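Treat the numbers as computed from the prediction; the structure is a model and nothing was measured.
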Amino acid sequence: MERHASPAVTVPRLRGSARRQARQVSGVLIAFAGAAVALVVIGVLVVLDYRMGQAPHRLVKLALGLAGMGAITLRPRLGAFVLPVLIPFLDWLPRIPVLNAANLLVFGAFAGWIFFRAVAGQPAVRSGRLGPVLGAFIGVTVLGLIRGAAMPVIGEYPTGVAALILFRSTVPFLIYFMGVSMMQGARDRRWMSAMLILGLLAEAGVTIMLGHNGWGGTRAVGSFGQPNDLGAYLALFICVAAAMLLGARAWWGRLILAGAVAAGLVGIVLTLSRGAFLSVAVGLLFVALRSSRVTALLLLVALATSPLWVPQSVKDRISSTQREDEGSDEAALDKSNQMRLNAWQLALDISKQHIFDGVGYGALAWYLQDTRAQEGREDIAGSAHNTYIRMLSEMGVFGLLAFLWLLWRCMRLSFEGVRRAASRADRQLAVALGAATLSIAISCAFGDRFFEIQNTGNFWMLCALVQDQVIESRERPA
């Protein structure tokens, strides 16, 4: 009796069958997801048009934005690479309640990445050295929110508003996890580094083109709407571009990076931000000392002779000797400085009373504003204007220590990246992270900029690139 032999079941045959089934399942899921998204978009447009009377041009912008978000969700890596260029211009994008443009960009790209990796049966999220530190820091801020709601220092602690601010403030940290998970290998690091520099070039170009477009036509605000925030961003990524310039090999790459540094410096001069002047000087000095002795010597000579070549407006801004009529912009700036000092004094006074528990996340601004209203004082700033003082006042000494610990771990990641670098480009990328960390640390002493995604969103992507480099070095055969 003849028996028919069944075809041999081999590992390649099983793998091919699994892949075919995965493609069929993923196609069905994508079709259902696309249909659901289309229905939601149609519903939103109908409500906005017929119920809320929105202008047609806003509906067109919204439709284009939703189409772009759909493309980013379907092609997550595209969204990740576009994000660094869009972050500086978030204030120019349509404002959306709760989930603003920045939230949608980050969540859309990362959620799409996780979904498609999960469907393909591949790992979606990688861990990094900063992950636990960021988690602990977010935990401290959540405890600060609970403390403010449970025992408010001010008359009424707006828990809902504080929770929304906290949610938006933690979105920049998500960029680190997104970058570590999605950026893998030297090619990804090279392209993402290029996008970071493109973001700097775009913002510097806009700043130069618009000129003194803010504060009564005396200072540049670019797309940020605030000169000191703009200066902090430019200072940070000038240091990054300078570090990468000293590691570039191709002449055209050096030319682009040199142009980015020059354009950024022109932009900083237009902002007249003293904090930016100091942070970019310290960051560039760090880059020079860690990269080249000759470059360090030239930079020191340039700084020593700066009174001979810097613009007069910069010298006046640094020395604060310029005096105009009572209604001039400089007079207003002097008043602003005094307002900051008074706010710092009040914040330190309240910190002494709540040294361990603080007054609650976000409560310092409301406390300062209430004090201004109750005492009728116009010489008190309405916010901290200093991240260190804010951490101490709102979350106590443990909040301040958590913030300092996070900055130190970023610097340690830079040191490890330099030590483990397999190429000159990777080494300079790690040096760039160290300079960027110093720049942020200084900027935080002149303003409360740590939680703003426009200032630090791309910084966390830089941390992710160095983390990927470190992970790759550990996996490299000995």
Side-chain angles (χ1 to χ4, degrees), residues 133-170 172-173 228-229 232 274-275 278-279 335-410 437-438 440-452 455-456:
V133 186
L134 286 170
F137 182 76
I138 294 173
V140 171
T141 60
V142 172
L143 289 176
L145 176 69
I146 297 173
R147 184 259 178 271
M151 296 178 291
V153 174
I154 58 178
E156 182 179 355
Y157 182 78
T159 306
V161 176
L164 178 60
I165 294 174
L166 176 58
F167 169 73
R168 289 182 174 178
S169 298
T170 56
F173 305 145
N228 297 319
D229 288 343
R274 286 173 291 194
L278 181 59
S279 62
K335 180 181 178 181
S336 175
N337 291 335
Q338 187 60 51
M339 291 172 65
R340 290 187 185 188
L341 292 175
N342 293 338
W344 292 351
Q345 186 60 56
L346 283 174
L348 292 174
D349 289 341
I350 196 69
S351 299
K352 295 176 184 178
Q353 304 173 29
H354 303 276
I355 188 65
F356 292 109
D357 57 342
V359 298
Y361 182 82
L364 179 61
W366 292 306
Y367 170 75
L368 294 174
Q369 293 166 14
D370 281 356
T371 303
R372 288 181 60 179
Q374 293 175 6
E375 299 182 6
R377 294 182 58 181
E378 297 295 330
D379 61 341
I380 301 175
S383 59
H385 288 286
N386 185 297
T387 307
Y388 303 96
I389 293 178
R390 179 187 173 185
M391 293 294 104
L392 178 63
S393 301
E394 294 185 354
M395 286 163 281
V397 65
F398 296 109
L400 176 60
L401 291 176
F403 177 60
L404 295 175
W405 182 40
L406 178 55
L407 290 178
W408 169 240
R409 290 304 297 266
C410 292
T437 304
L438 285 177
I440 283 183
I442 293 172
S443 295
C444 285
F446 288 85
D448 185 19
R449 303 184 177 96
F450 186 72
F451 292 103
E452 296 294 331
N455 289 316
T456 59

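- Side chain of R340 to main chain of F446: a donor-acceptor pair is present (N/O by atom type, distance under 3.5 Å, no hydrogens or angles).
- For the side-chain hydrogen bond (donor to acceptor under 3.5 Å, both in side chains) with D448, the lone residue among N455, N386, T387 that qualifies is T387.
- D349 and Q353 share no donor-acceptor pair across their side chains, judged by distance under 3.5 Å alone.
- The shortest non-hydrogen separation linking C444 to F403 is SG-CZ, 4.0 Å.
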Only distances under 3.5 Å count here; give the side-chain donor-acceptor pairs of residues 392-400 to other protein atoms, sequence neighbours excluded, each with its distance to 0.1 Å.
| unit_1 | atom_1 | unit_2 | atom_2 | d |
| --- | --- | --- | --- | --- |
| S393 | OG | A347 | O | 3.2 |
| S393 | OG | S351 | OG | 2.8 |
| S393 | OG | I389 | O | 2.8 |
| E394 | OE1 | G362 | N | 2.9 |
| E394 | OE1 | R390 | NE | 3.0 |
| E394 | OE2 | G362 | N | 3.3 |
| E394 | OE2 | L364 | N | 3.4 |
| E394 | OE2 | R390 | NE | 3.3 |

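- Remark: the backbone N or O of S443 is paired with a side-chain donor or acceptor of R449 at under 3.5 angstrom.
- Between I138 and the choices L166, T170, V133, the side-chain contact (heavy atoms from CB on, under 4.5 Å) rule is met once, by T170.
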CA sep, side-chain torsions, deciding dist, call: M391, F137, side-chain contact (heavy atoms from CB on, under 4.5 Å):
CA-CA 11 Å; M391 293 294 104; F137 182 76; 4.0 Å; yes
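- Panel note: side chain Y157, backbone Y361; a donor-acceptor pair is recorded below 3.5 Å.
- If you take CZ on F450 and CG on L407, they are separated by 6.0 Å, rounding to the nearest 0.5 Å.
- Of all heavy-atom pairs spanning F451 and S169, the tightest one is CD2-CB, 3.5 Å.
- Between the CD1 atom of I350 and the CG atom of L368 there is a distance of 9.5 Å, given to the nearest 0.5 Å.
- Atom-to-atom distance recorded for I440:CD1 and L406:CG is 9.5 Å, nearest 0.5 angstrom.
- Atom CD of Q374 sits about 6.5 Å away from atom OG1 of T371, to the nearest 0.5 Å.
- For the pair G275 and I442, the tightest heavy-atom approach, listed with the atom from each and the gap, is O-CG2, 4.3 Å.
- The salt bridge (Lys or Arg N to Asp or Glu O under 4.0 Å) contacts involving residues 139-160 comprise R147-D357, where partners must be two or more places apart or lie in separate chains.
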